[in-house]
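Keep in mind that what you see is a predicted model, and the values were worked out from it rather than measured.
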Amino acid sequence: MGIKNIAQKAGVSVATVSRVLNGTKFVSEDLRKKVMRVIDENGYVANHVARSMVLKKTFTAGLIIPNISEMFHQIIFSSVEETLEEADYKVIVCKVRDHPNHEQVYLDLLLQNRTDGIILMHETSNPDIYTQLRKANVPIVLSGIDIPALGSPQVRIDDYRAACDGTEYLVGLGHTRIGLIGGWGHSVGDIRVQGFHDVLKTHGIRHYDGQIAVGGYTIESGCNAMHTLIAKHPELTAVFVLSDEMAIGVYTAIREAGKQIPEDISVLGFDGIDIGRYLYPSLSTVQQPIREIGKRSADLLLSMMNGEPADSQRLILSHEVVERASCRRLT
């Protein structure tokens with residue numbers, strides 16, 4: 001028995017049966033029980049192909065994430081998948097490198113399979129990809145990033161303010177010789193670096209370009225970047241690391257240089273992934289609500305896939321500086 005037959009026997013519309021099965025929109029409890037009773041009596045098992053044809057949906061959503069920061073993006077993915085699966089959507093995860101051919105293959109995969117919507121966490125240096133996305137007529141939500149060229153709804157924190165707050169925290173502890181490890185060339189990296197610069201300038205703290213090292217948001221890149229900073233600026237008393245994953249590598253580099261945390265160098269991370277609490281010493285960090293970013297992104301995409309308008313919607317979630325043992329006040 002198909003979804004149309006269930007609808008006829010229950011005396012409701014096909015859309016109502018779909019809502020009961022998917023939980024995508026509110027259905028009164030009495031109506032839900034009525035539909036479920038018919039389903040139980042007739043032994044109905046959802047046929048996803050038939051349902052897709054009736055509702056003109058594939059019930060799949062794409063998640064495009066960069067091939068970096070394994071722990072951070074795994075938390076986002078878990079939250080997105082959990083939220084979308086509750087609405088009976090399957091998630092196609094595309095883990096891409098910043099390479100035109102690699103990006104194009106995955107984008108073609110999603111669009112050719114008529115994915116109902118896309119959550120985008122990856123920024124590309126290829127403008128053709130953004131042109132194709134704008135023309136695709138598919139709901140797109142930006143999660144944790146800001147791409148003005150797309151003008152899509154987004155869910156993120158205020159990265160500029162978060163970087164300012166992190167820098168202010170270190171300055172407030174008496175640090176003036178502060179290094180920075182981050183990646184830029186994309187929206188989030190550029191915005192955070194600007195916040196760091198602006199706070200130091202406000203406090204009249206002289207800053208050298210060499211006090212910033214490029215990291216690729218991986219453990220290894222954090223380690224390499226910290227070795228570079230220590231070699232160029234052994235006078236540093238603190239380092240602001242723009243990802244907790246990179247901070248893990250920073251810990252290793254500091255110890256390999258024969259220094260201690262926080263006695264010689266204070267370390268402040270960014271993101272708030274769980275592993276930071278278990279490092280020794282525990283990692284102070286600028287914490288963003290990672291799971292909530294994933295959930296709110298998925299909720300927003302579900303609304304758009306159900307035809308609800310969300311043009312230019314920006315959900316800016318709160319962040320906080322979490323003080324732990326890796327930073328110390330200078331006497």
Side-chain angles (χ1 to χ4, degrees), residues 69 157-186 188-219 221-273 276 279-288 319-331:
S69 195
I157 62 168
D158 183 338
D159 285 282
Y160 176 80
R161 186 69 261 160
C164 287
D165 290 347
T167 310
E168 288 280 7
Y169 169 68
L170 291 174
V171 172
L173 292 177
H175 295 280
T176 57
R177 292 171 290 176
I178 307 169
L180 181 79
I181 296 176
W184 51 92
H186 298 304
V188 169
D190 289 343
I191 291 169
R192 293 177 185 175
V193 171
Q194 188 62 51
F196 175 74
H197 273 299
D198 288 351
V199 168
L200 294 186
K201 183 177 180 180
T202 298
H203 287 278
I205 298 173
R206 189 179 180 188
H207 186 262
Y208 302 93
D209 289 340
Q211 286 174 237
I212 296 182
V214 179
Y217 295 100
T218 64
I219 295 173
S221 71
C223 183
N224 292 337
M226 192 65 214
H227 275 304
T228 298
L229 280 183
I230 291 173
K232 289 184 176 180
H233 293 279
E235 75 280 4
L236 294 179
T237 63
V239 60
F240 190 3
V241 190
L242 297 184
S243 110
D244 288 349
E245 246 168 285
M246 287 196 295
I248 297 172
V250 165
Y251 270 47
T252 298
I254 290 174
R255 286 170 178 145
E256 287 177 348
K259 297 178 179 290
Q260 293 184 309
I261 306 167
E263 289 80 5
D264 298 312
I265 301 179
S266 291
V267 180
L268 178 66
F270 198 112
D271 285 336
I273 59 176
L279 295 177
Y280 182 78
S282 56
L283 178 65
S284 299
T285 187
V286 178
Q287 181 170 288
Q288 53 178 322
H319 64 272
E320 65 173 319
V321 177
V322 177
E323 299 184 72
R324 297 197 183 111
S326 65
C327 293
R328 77 177 183 95
R329 181 177 297 277
L330 296 185
T331 55

Atom [atom1] in [X], atom [atom2] in [Y]: separation rounded to 0.5 Å?
X      : Y      : atom1 : atom2 : result
Lys259 : Leu236 : NZ    : CG    : 9.0 Å
Arg177 : Leu330 : CZ    : CG    : 8.0 Å
Ile248 : Thr218 : CD1   : OG1   : 10.5 Å
Arg255 : Ile261 : CZ    : CD1   : 5.0 Å
Ile178 : Gln211 : CD1   : CD    : 8.5 Å
Thr176 : Arg206 : OG1   : CZ    : 12.5 Å

Go through it in stages, so that I can follow the logic: the residues are Tyr160 and Cys164, the test is side-chain contact (heavy atoms from CB on, under 4.5 Å), and I'd like the CA-CA distance, side-chain angles, deciding distance and then a yes or no. CA-CA 6 Å; Tyr160 176 80; Cys164 287; 3.6 Å; yes

For a 4.5 angstrom cut-off between non-hydrogen side-chain atoms, does [X] reach [Y]?
X      : Y      : value
Val322 : Leu283 : no
Phe270 : Gln288 : yes
His227 : Glu256 : yes
Glu168 : His203 : yes
Ile265 : Val239 : yes

Any donor-acceptor pair under 3.5 Å from [X] side chain to [Y] backbone:
X      : Y      : answer
Tyr251 : Pro281 : yes
Arg328 : Glu263 : yes
Ser326 : Ser284 : yes
Asp244 : Ile273 : yes
Arg192 : Leu242 : yes
Arg324 : Leu268 : no

Should Met226 and Thr252 be marked as a side-chain contact (heavy atoms from CB on, under 4.5 Å) after you check the CA-CA gap, both sets of side-chain angles, and the distance that decides it? CA-CA 9 Å; Met226 192 65 214; Thr252 298; over 6 Å; no

Shortest non-hydrogen contact from [X] to [Y]?
X      : Y      : answer
Gly269 : Phe240 : O-CE1, 3.6 Å
His175 : Thr237 : ND1-OG1, 2.7 Å
Gly195 : Ala163 : CA-CB, 4.3 Å

State which residue, out of Val321, Val267, Leu170, fulfils the side-chain contact (heavy atoms from CB on, under 4.5 Å) condition with Cys327.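 Testing Cys327 for a side-chain contact (heavy atoms from CB on, under 4.5 Å) against Val321, Val267, Leu170 leaves exactly one candidate, Leu170.
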
Just by distance, with hydrogens left out, do Gln287 and Asp271 show a side-chain donor and acceptor under 3.5 Å apart?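 The answer is no; no qualifying pair exists.
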
Residue pair Ile254, Asp264: steps toward the side-chain contact (heavy atoms from CB on, under 4.5 Å) verdict: CA-CA 9 Å; Ile254 290 174; Asp264 298 312; 5.9 Å; no

